[in-house]
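From a predicted model like this one, the values you see are computed outputs, not experimental measurements.
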Amino acid sequence: MFMPQGRWPARCALWLVVLGIGSAAAQVAHSSQSNAAGNFRDITAAAEVHFQHAAPHTSRKYLLETMAPGVALFDYDNDGRLDIFVTNGAPITDPTPRGTIPQKTGPEYWNRLYHQKPDGTFEDVTERAGLQGIGYGMGVAVGDYDNDGYEDLFVTAYGGNRLYHNNGDGTFTDVTESAGVGGSGWSSGAAWVDLDNDGLLDLVVVRYVRWDFSDIWCGPPNVRFFCHPDIFPPITMLAYHNEGNGRFTEVAQKIGLAKPAKGLGIAIGDYDRDGHIDVFVANDSWPEFLFHNKGDGTFEEVGFAAEAALDGDGRTFAGMGVDFADYNNDGFPDLFVDDLANQMYALYLNNRDGIFSYQSYISGLSRMTRLHSGWGARFFDYDNDGWKDLLIAQGHDLDTIEKVNPQLHYREPMMLLRNTGKGFVDVSSGSGEVFREPWVGRGLAVGDLDNDGRVDAVVATNGGPLHIIHNETQTANHWLTLKLVGHKSNRDAIGANVKLTTGQGSQWVTVTTASSYLSSSDKRAHFGLGTETTAQSVEIRWPSGIIQTLKQVRGDQILQVDEPVIPNSSKKFGSPNVR
């Protein structure tokens, strides 16, 4: 949230140290095109999606008004095409009585589900699916919690959450009460993850702050702001263990996740490569959390010990969007956390010894992001060159920020940062008109909407429309997308670690639908192959511990891979999933 303008650190923008990333040959091959921009186009109108987020902005500046919405990309009907779900708000009066829980009163406040048709346009199937929702919607998490082959939805909100079971016939059933996952307070981000590797997805929910509609003036006497989260006390996270019978048990205290937080974004990754998935939580003006999975079903918070709790100057920052991915192709997932202007987006390099190094200065992020405010964010390889780039939805939380700080902006274009193998380069301005359009960006999800091998994005805006961003980058590079199907592991294979090797080196991807801000992305693992047409090998470490190896896998295809029933099998399972 809002932070007053601070001083620039003395070391800012002076470091040009080159990061040691990948092989020397790969760096040389990549450097010749290190500044190549992408080509992205807003196809929302052509896709026939007409969504307007309802965020009543009152004179009281209630904090709730500025925080949502989230968005999801997932294939709910298994037709091979990604669909879109987006959360929505609820009416708020001016003033709103303290203790009020806003409720949706009409279609303009419904959450929305858009089904993708064979021609690439979308149809609104919200009412037919039964996903109108209740309360003031915040985020969404996608996962097949009962392993029946259909993706289910968990929707967070202020005042209580909802779990929707996918019935497999295009409809969903609200099973919140029977499942026991309603929660309370102000929930924000959520992630499906198998915390104990029993083959069933569990659910981790982060909550923001203890807050109600108290009428509190924040800001100078002549300009009212949304209140800083320092005004409000933290609130503990929630963790639900999947009992396998449709019910969940809240176990946060029992397993070490009940730490008071001011959480927004959540991401998963096995940062120490011990075979157990860890959890990172982006906190707003509160130390960031890294929960290390001890392998016995419990967790230990190690953010300070791992040097991932604070920025490079030892300060907290407004952590909002997050991703947990290996951007330098060394086999160990790194961390990205964005924040508000007058700070800088945080990049933490995994040192492979349990410690992270703050890389915002060295990577160039400090000078590029100092005056920007980021929310939804994901690493993805937009040009299929084998290096993970960064896409960030932007916009300040204060709609009055320009009255007190004219160099900052409430509405901002998205940011696209290209990974050169030696750092990041801002290629936003050359990547299409969509990067020159200012929005109040919030949730962001990525996925290949048209199965053409180029990863697209959907961005949700506060009080504004949804944007479908089509990747039309022209490149001769090749790609491979893997749809993993677990059998001993959870069916979504969430938590699987995939290593792909070509003649240019290796890359690693953790299968997840979490990361970003309040959003859920395509679960398929996407790899850019660069100039290579074939992956020499693909090694999958399933959550069950089974290691599966595929040899000489042809590129430019979407390949379904089933978890083998025999441990340590190297047999190739599955077949191309062609649209």
Side-chain angles (χ1 to χ4, degrees), residues 1 51 53-57 62-72 84-92 96 100-104 109-113 131-143 153-164 174 176 181-192 203-213 226 229 232 234-235 237-238 240 261-267 281-284 318-322 375-376 393 395 397 440-445 458-464 466 513-521:
M1 299 300 294
F51 174 82
H53 178 245
H57 281 203
Y62 294 119
L63 189 56
L64 186 66
E65 302 170 16
T66 194
M67 302 299 291
V71 63
I84 301 171
F85 178 84
V86 59
T87 66
N88 207 349
I92 295 174
T96 299
T100 297
I101 303 297
Q103 295 298 331
K104 301 182 188 303
Y109 298 105
W110 288 355
N111 302 328
R112 292 286 173 175
L113 176 65
L131 290 175
Q132 298 95 321
I134 65 172
Y136 200 105
M138 292 294 296
V140 55
V142 174
L153 283 177
F154 182 77
V155 181
T156 64
Y158 174 70
N161 310 313
R162 313 309 296 178
L163 175 60
Y164 298 97
D174 186 339
T176 309
V181 294
S184 62
W186 185 348
S187 296
S188 48
W192 289 104
L203 183 62
V204 180
V205 183
V206 293
R207 293 188 287 182
Y208 186 35
V209 290
R210 295 188 181 277
W211 180 90
D212 59 25
F213 282 97
F226 294 106
F232 311 103
I235 186 169
M237 299 165 52
L238 301 170
Y240 296 99
K262 296 187 177 184
L264 291 173
I266 182 171
V281 174
N283 283 313
D284 188 354
M320 295 185 292
V322 60
W375 300 75
D397 65 321
V440 188
R442 293 297 184 259
L444 177 150
V458 176
V459 178
T461 64
N462 182 261
L466 190 73
T513 60
S515 296
S516 192
Y517 174 81
L518 306 183
S519 297
S520 195
S521 291

Looking at Arg162 and Asp174, is any side-chain nitrogen of the basic one under 4.0 Å from a carboxylate oxygen of the acidic one?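 Counted as a salt bridge, because a side-chain N and a carboxylate O are separated by less than 4.0 Å.
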Can you name the one residue among Tyr136, Tyr158, Phe226 that meets ring-ring contact (aromatic ring centres under 6.0 Å, His included) with Trp211?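 Checked Tyr136, Tyr158, Phe226 against Trp211; only one passes ring-ring contact (aromatic ring centres under 6.0 Å, His included): Tyr158.
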Are side-chain heavy atoms of [X] and [Y] found at a separation under 4.5 Å?
X      : Y      : answer
Thr461 : His53  : no
Trp186 : Arg210 : no
Val71  : Ile84  : yes
Leu63  : Tyr208 : yes
Phe154 : Val205 : yes
Asn111 : Val155 : yes
Arg112 : Phe51  : yes
Thr96  : Tyr62  : yes

Stepwise, does the side-chain contact (heavy atoms from CB on, under 4.5 Å) test hold for Ser188 with Leu518? CA-CA 6 Å; Ser188 48; Leu518 306 183; 3.8 Å; yes
Taking [Y]'s backbone N and O only, do any of them form a donor-acceptor pair with [X]'s side chain (distance below 3.5 Å, no angle check)?
X      : Y      : result
Asp284 : Ala318 : no
Lys262 : Ala282 : no
Ser515 : Ala267 : no
Ser519 : Ala445 : no
Lys104 : Ala90  : no

Taking atom types as modelled and ignoring hydrogens, do the side chains of Asp397 and Thr66 form a donor-acceptor contact shorter than 3.5 angstrom?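 No.
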Run the side-chain contact (heavy atoms from CB on, under 4.5 Å) test on Met237 and Val281 for me, step by step, so that the C-alpha distance in whole Å, both residues' side-chain angles and the decisive distance to 0.1 Å come before the verdict. CA-CA 10 Å; Met237 299 165 52; Val281 174; 3.8 Å; yes
Go through the steps for Leu131 and Trp110 under the test side-chain contact (heavy atoms from CB on, under 4.5 Å), then give the verdict. CA-CA 8 Å; Leu131 290 175; Trp110 288 355; over 6 Å; no
Geometric cation-pi criterion, Arg442 with Trp375: 6.0 Å, 45°: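 Geometry flag: set, cation within 6.0 Å and 45°.
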Evaluate side-chain contact (heavy atoms from CB on, under 4.5 Å) for Val458 paired with Leu444, printing each intermediate quantity in order. CA-CA 6 Å; Val458 176; Leu444 177 150; over 6 Å; no
